[in-house]
J.: 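Have a look at this one before I ask anything.
Every value quoted in this text rests on a predicted model; they were computed, and no experiment measured them. Lettering follows sequence order; numbering is per chain, from 1.
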Amino acid sequence: MEKKVRVRFAPSPTGGLHMGGVRTALFNYLFAKKHNGDFILRIEDTDQTRFVEGAEDYIINALKWCGIEPNEGVGFGDGPHKPYRQSERKELGIYKKYTDRLIESGHAYYAFDTSEELDEMRKRLEAAKVTAPQYNAITRQNMRNSLTLPEDEVKKLLESNAPYVVRLKVPRNEDIRFNDIIRGWVTVNSSQVDDKVLLKSDGMPTYHLAHIVDDIEMQISHAVRGEEWLPSAPAHILIYRYLGLENEMPKLAHLPLILNPDGNGKISKREARFPVFPLSWKDPREAEPFVGYKESGYYSAAFINILALLGWNPGDNKEIMSLEEMCSLFEFERVSKSGAKFDPEKAKWFNQQYLRHKTDEELANEFKPTLIAKGITKDDNFILNFCKLVKEKVQFTHEFWEQGKYVFEAPITYDEKVIAKKWNDSSKDLFAKLADVFKGINDWNSTTLHDEFAKAQTSIGKLDMQLLRVLVTGVGGGPQLFDMLALIGKENTISRLESALAKL
RNA sequence: GGCCCGUUCGUCUAGGGGUUAGGACGCGUCCCUUUCACGGACGAAACACGGGUUCGAUUCCCGUACGGGCUACCA
């Protein structure tokens with residue numbers, strides 16, 4: 001019988017969770033939901049030197065905003081495998097137990113080398129033109145460890161509390177094969193794997209050991225993580241094997257990376273000209289915060305949708321999908337192997353799609369706070385009509401203002417290009433006459449305006465519509481003109497027209 | 001440098017031994033429109049290269065090139 005699907009997202013609290021991390025969490029979530037499994041949040045805080053205040057809360061809040069909430073783990077309620085913070089698990093002696101097992105079976109050993117000694121070794125190897133300097137089956141013979149030191153000296157060192165690490169004893173030359181769900185069979189020779197540190201001198205486990213112990217104890221069925229972990233996977237296989245747990249180890253799935261749009265490499269928060277964090281992130285060590293997707297006006301559903309299609313697709317041409325749809329459609333077989341360059345333009349388009357699916361009421365409610373903040377009071381119906389008119393021009397709610405502020409405020413400047421092109425000697429006279437026509441309109445609505453304008457064309461002469469638009473709104477583009485004028489109102493329209501004519 | 005992974009329009013991707021190589025973003029043209037959009041139609045645009053295997057390869061295999069990842073007592 002197949003194991004129950006249990007997956008985990010296991011970030012380290014070393015900073016804000018960026019979009020690559022969110023996507024990893026998302027794929028875990030989708031896979032879990034697809035198979036009625038569990039999705040767990042585990043905090044991998046084994047590096048005390050890199051701990052960043054606020055990072056853990058950020059991770060939790062980001063997952064909440066995205067709507068991909070773990071059903072077990074830090075910030076989401078304890079489950080049967082608590083605690084879910086590795087620093088706390090360490091206090092319970094969980095990891096020590098496993099390293100002891102490894103040492104007893106001869107698959108791990110104590111190493112007493114100082115960082116200076118390690119540096120020296122690397123320099124020595126580099127000088128000798130060794131292509132990959134590493135602590136391994138060969139070099140360990142010249143280092144200070146329980147394999148080279150006499151037994152009683154090791155004992156003495158241990159008893160005297162001399163600092164030590166525990167390293168994995170990786171065989172010199174042995175092919176390690178594993179089947180990745182996304183990539184298929186991968187083979188690496190153990191000569192390429194170094195004797196990984198399992199237990200650090202501060203007593204903390206490294207990622208390599210800790211995630212294995214926890215995945216086993218938490219009964220994780222699939223380890224889904226970024227491609228950057230692929231090179232260390234062979235070492236992980238070895239650890240499972242030496243623990244006698246190879247048959248119980250989770251299946252591995254290494255996700256392709258999200259790459260920079262231009263240039264190359266992983267997305268870097270500093271160089272990106274688009275948001276890289278779901279929520280704004282203020283690193284306590286830095287002066288400036290990074291603006292998030294949320295604060296940039298993205299809907300979380302759109303954000304998640306964008307991320308899902310970076311490296312995965314449902315196989316038909318469907319692009320706009322709810323989280324629920326994605327859950328039912330998701331499978332690793334349809335995850336691509338190659339990295340995906342992020343396209344900020346398409347991301348905006350996604351948000352626009354979601355915006356268009358909103359009702360006018362919803363949009364009006366989203367836009368209202370902007371008006372309130374500007375001290376503008378308009379009744380709900382007016383705002384609703386405004387949104388109805390302007391929505392086809394915007395990709396984000398905050399663009400309503402930029403795109404349509406002239407509905408609320410009279411223009412100060414007039415589009416110079418349009419004026420230069422279309423304003424001529426007779427314009428002033430023509431539009432003054434049009435203003436008179438407008439004054440005579442009692443039923444001020446779009447249809448009437450359209451009809452009266454058409455009539456005016458024959459009685460007054462050729463009137464340029466775009467010019468009229470510029471005179472009233474200041475800009476050359478915008479929603480349907482007569483709808484706009486109807487919204488702006490008779491008095492405002494006429495007074496704006498007249499003040500424009502006075503200025504030009 | 002070494003090791004690992006990858007490579008279909010500019011980008012995200014579908015496809016897969018015989019296809020006019022499909023869709024989406026972006027771009028362009030046209031239609032609608034007395035303005036501006038939306039919308040619609042159309043268009044330009046890709047199988048990295050070289051060898052095999054095969055009747056036939058973009059698809060399978062091998063090289064090369066290119067890209068990415070890793071190369072810590074970081075995850």
J.: Round to the nearest Å and state the distance from Leu255(A) atom CG to G68(B) atom C1'.
T.: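 In whole Å, G68(B) C1' and Leu255(A) CG are 15 Å from each other.
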J.: Name the pairs: protein N/O against N/O of nucleotides 70-72 of chain B, kept only if under 3.5 Å.
T.:
from: C70(B); atom 1: OP1; to: Lys266(A); atom 2: NZ; distance (Å): 3.1

J.: Work out how far the C1' atom of G18(B) is from that of G10(B), and round it to whole angstrom.
T.: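 One C1' to the other, the span is 30 Å.
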J.: Could you give the OH-to-P distance, from Tyr109(A) to C73(B), as a whole number of Å?
T.: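 Whole-Å distance recorded here is 11 Å.
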J.: Quantified in whole Å, what is the P atom distance between nucleotide A24(B) and nucleotide G39(B)?
T.: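 About 12 Å, rounded to a whole number of Å.
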J.: Would you mind telling me which of Thr448(A), Ile441(A), Leu468(A) makes a side chain to side chain contact (heavy atoms under 4.5 Å, CB included) with Phe453(A)?
T.: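 Going through the options one by one, the only one that passes is Leu468(A).
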J.: Minimum heavy-atom separation for Gly315(A) to Arg334(A), with atom names?
T.: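 For Gly315(A) and Arg334(A), the tightest heavy-atom pair comes out as CA-NH2, 3.0 Å.
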J.: Tell me whether Lys433(A) is salt-bridged to Asp429(A), with the criterion being a basic N under 4.0 Å from an acidic carboxylate O.
T.: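 Judged by the 4.0 Å cut-off on N to carboxylate O distance, Lys433(A) and Asp429(A) do form a salt bridge.
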J.: For Lys462(A) and Trp185(A), take the nucleotide of RNA chain B holding the closest heavy atom to each; which residue's nucleotide lies nearer the 5' end?
T.: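 Comparing both residues, the 5'-ward one is Trp185(A).
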J.: Take atom C1' in G67(B) and the same atom in C60(B), then report the distance between them in whole Å.
T.: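 So the two C1' atoms sit 23 Å from each other.
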J.: Answer with base, sugar-phosphate or nothing: what part of the nucleic acid does Ser191(A) contact at a heavy-atom distance below 4.0 Å?
T.: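 If one applies the 4.0 Å heavy-atom cut-off, Ser191(A) turns out to touch nothing in the nucleic acid.
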J.: Please give, in whole Å, the distance from U34(B) C1' to Asp451(A) CG?
T.: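 So the CG-C1' distance, Asp451(A) to U34(B), works out to 13 Å.
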J.: So, under a plain 3.5 Å distance rule, would you say the side chain of Ser201(A) forms a donor-acceptor pair with the base of C73(B)?
T.: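 Donor-acceptor pair under 3.5 Å: yes.
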J.: What's the separation between atom CG in Leu449(A) and atom CG in Asp483(A), rounded to the nearest 0.5 Å?
T.: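 Taking CG in Leu449(A) and CG in Asp483(A), the distance rounds to 9.5 Å.
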J.: Could you work out the separation of U54(B) and C49(B) based on their P atoms and round it to a whole Å?
T.: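 Between the two P atoms, the distance is 23 Å.
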J.: Kindly give the atom pairs (protein nitrogen or oxygen, nucleotide nitrogen or oxygen) under 3.5 Å for nucleotides 11-14 of chain B.
T.:
from: C12(B); atom 1: OP1; to: Lys341(A); atom 2: N; distance (Å): 2.9
from: C12(B); atom 1: O2'; to: Leu309(A); atom 2: O; distance (Å): 3.1
from: U13(B); atom 1: OP1; to: Gly311(A); atom 2: N; distance (Å): 2.7
from: U13(B); atom 1: O3'; to: Asn313(A); atom 2: ND2; distance (Å): 2.8
from: A14(B); atom 1: OP1; to: Asn313(A); atom 2: ND2; distance (Å): 2.8
from: A14(B); atom 1: O3'; to: Arg334(A); atom 2: NH2; distance (Å): 3.2

J.: Provide the distance between the two C1' atoms, one in A72(B) and one in U13(B), to the nearest whole Å.
T.: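 One C1' to the other, the span is 37 Å.
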J.: Count the heavy atoms of every other residue, nucleotide or ligand shown that sit under 6.0 Å from NZ of Lys337(A), and state whether that count exceeds 12.
T.: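 No.
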J.: Send over the distance from Ile258(A) CD1 to C5(B) P, rounded to a whole Å.
T.: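 Taking atom P of C5(B) as the reference, CD1 of Ile258(A) is at 22 Å.
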J.: Roughly how far apart, to the nearest Å, are G68(B) and U11(B) at atom P?
T.: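 Looking at atom P only, G68(B) and U11(B) are 13 Å apart.
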J.: When the distance from CG of Leu252(A) to P of C5(B) is rounded to whole Å, what number comes out?
T.: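 That distance rounds to 14 Å.
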J.: I need the CG-C1' distance between Asp47(A) and C74(B), as an integer number of Å.
T.: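 After rounding, the gap between these two atoms is 5 Å.
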J.: Would you call Arg85(A) and Glu56(A) a salt bridge, using N to O less than 4.0 angstrom?
T.: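 Salt bridge present between Arg85(A) and Glu56(A).
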J.: Just checking Gly226(A): base, sugar-phosphate only, or nothing, at a heavy-atom cut-off of under 4.0 Å?
T.: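 Answer is nothing: Gly226(A) stays at 4.0 Å or more from every strand.
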J.: Check this for me, if you would: do Arg89(A) and Glu217(A) make a salt bridge, where the nitrogen-to-carboxylate-oxygen distance has to be below 4.0 angstrom?
T.: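 Result for this pair is yes, salt bridge flagged.
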J.: Mapping Leu481(A) and Ala111(A) onto RNA chain B by nearest heavy atom, which one lands closer to the 5' end?
T.: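 Closest to the 5' end, via its nearest nucleotide, is Leu481(A).
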J.: Reckon Ser12(A) touches a base, only the sugar-phosphate, or nothing at all at heavy-atom distances under 4.0 Å?
T.: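 It contacts sugar-phosphate atoms only.
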J.: For a quick check of understanding: with a heavy-atom distance under 4.0 Å over all strands, which category does Ala347(A) fall into, base, sugar-phosphate or nothing?
T.: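 Here Ala347(A) touches no strand at all.
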J.: Looking at C74(B), I'd like to know if its phosphate oxygens (OP1 or OP2) sit under 4.0 Å from a side-chain N or O belonging to Thr206(A).
T.: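 So the side-chain polar atoms of Thr206(A) never come under 4.0 Å of the phosphate oxygens OP1 or OP2 of C74(B).
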J.: For Gln466(A), answer base if it contacts any base atom (sugar-phosphate contacts may also be present), sugar-phosphate if it contacts only those atoms, and nothing otherwise; contact means non-hydrogen atoms under 4.0 Å.
T.: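 Sugar-phosphate, backbone atoms only, no base.
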J.: In terms of side-chain geometry, is the basic nitrogen of Lys341(A) or Asp343(A) positioned less than 4.0 Å from the acidic oxygen of its partner?
T.: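 A salt bridge is absent here (no side-chain N lies under 4.0 Å from a carboxylate O).
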J.: Round to a whole Å and report the spacing from NZ of Lys455(A) to P of U34(B).
T.: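 Going from NZ in Lys455(A) over to P in U34(B) covers 17 Å.
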J.: Using a cut-off of 4.0 Å on non-hydrogen atoms, how would the nucleic acid contact of Arg356(A) be classed: base, sugar-phosphate, or nothing?
T.: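 Since only primed, P, OP1 and OP2 atoms lie under 4.0 Å of Arg356(A), the category is sugar-phosphate.
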J.: Reckon Val186(A) touches a base, only the sugar-phosphate, or nothing at all at heavy-atom distances under 4.0 Å?
T.: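 Sugar-phosphate only.
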J.: Would you call Arg140(A) and Asp195(A) a salt bridge, taking side-chain N to carboxylate O under 4.0 Å as the test?
T.: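 So Arg140(A) pairs with Asp195(A) through a salt bridge.
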J.: Under 4.0 Å from OP1 or OP2 of A75(B): is there any side-chain N or O of Lys200(A) that close?
T.: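 For A75(B), OP1 or OP2 has a side-chain N or O of Lys200(A) closer than 4.0 Å.
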J.: For the pair Lys393(A) and Glu399(A), find out whether any cationic side-chain nitrogen is under 4.0 Å from an anionic carboxylate oxygen.
T.: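 Salt bridge: no.
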J.: May I ask you to say what Asp464(A) touches in the nucleic acid, namely base, sugar-phosphate or nothing, with a heavy-atom cut-off under 4.0 Å?
T.: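 It contacts nothing in the nucleic acid.
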J.: Between Asp215(A) and Arg42(A), does at least one N-O distance fall below 4.0 Å, as a salt bridge requires?
T.: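 Between Arg42(A) and Asp215(A) there is a salt bridge, with a charged N closer than 4.0 Å to a carboxylate O.
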J.: Quick one: pull up OG1 in Thr139(A) and CZ in Arg124(A) and give me the separation to the nearest 0.5 Å.
T.: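 The distance works out to 8.5 Å.
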J.: Can you tell me the distance, in whole Å, between the CG atom of Asp215(A) and the C1' atom of A75(B)?
T.: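 From Asp215(A) CG to A75(B) C1': 14 Å.
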J.: Rounded to whole angstrom, note down the C1' distance from C47(B) over to C38(B).
T.: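 Pairwise C1' distance, C47(B) against C38(B), rounds to 35 Å.
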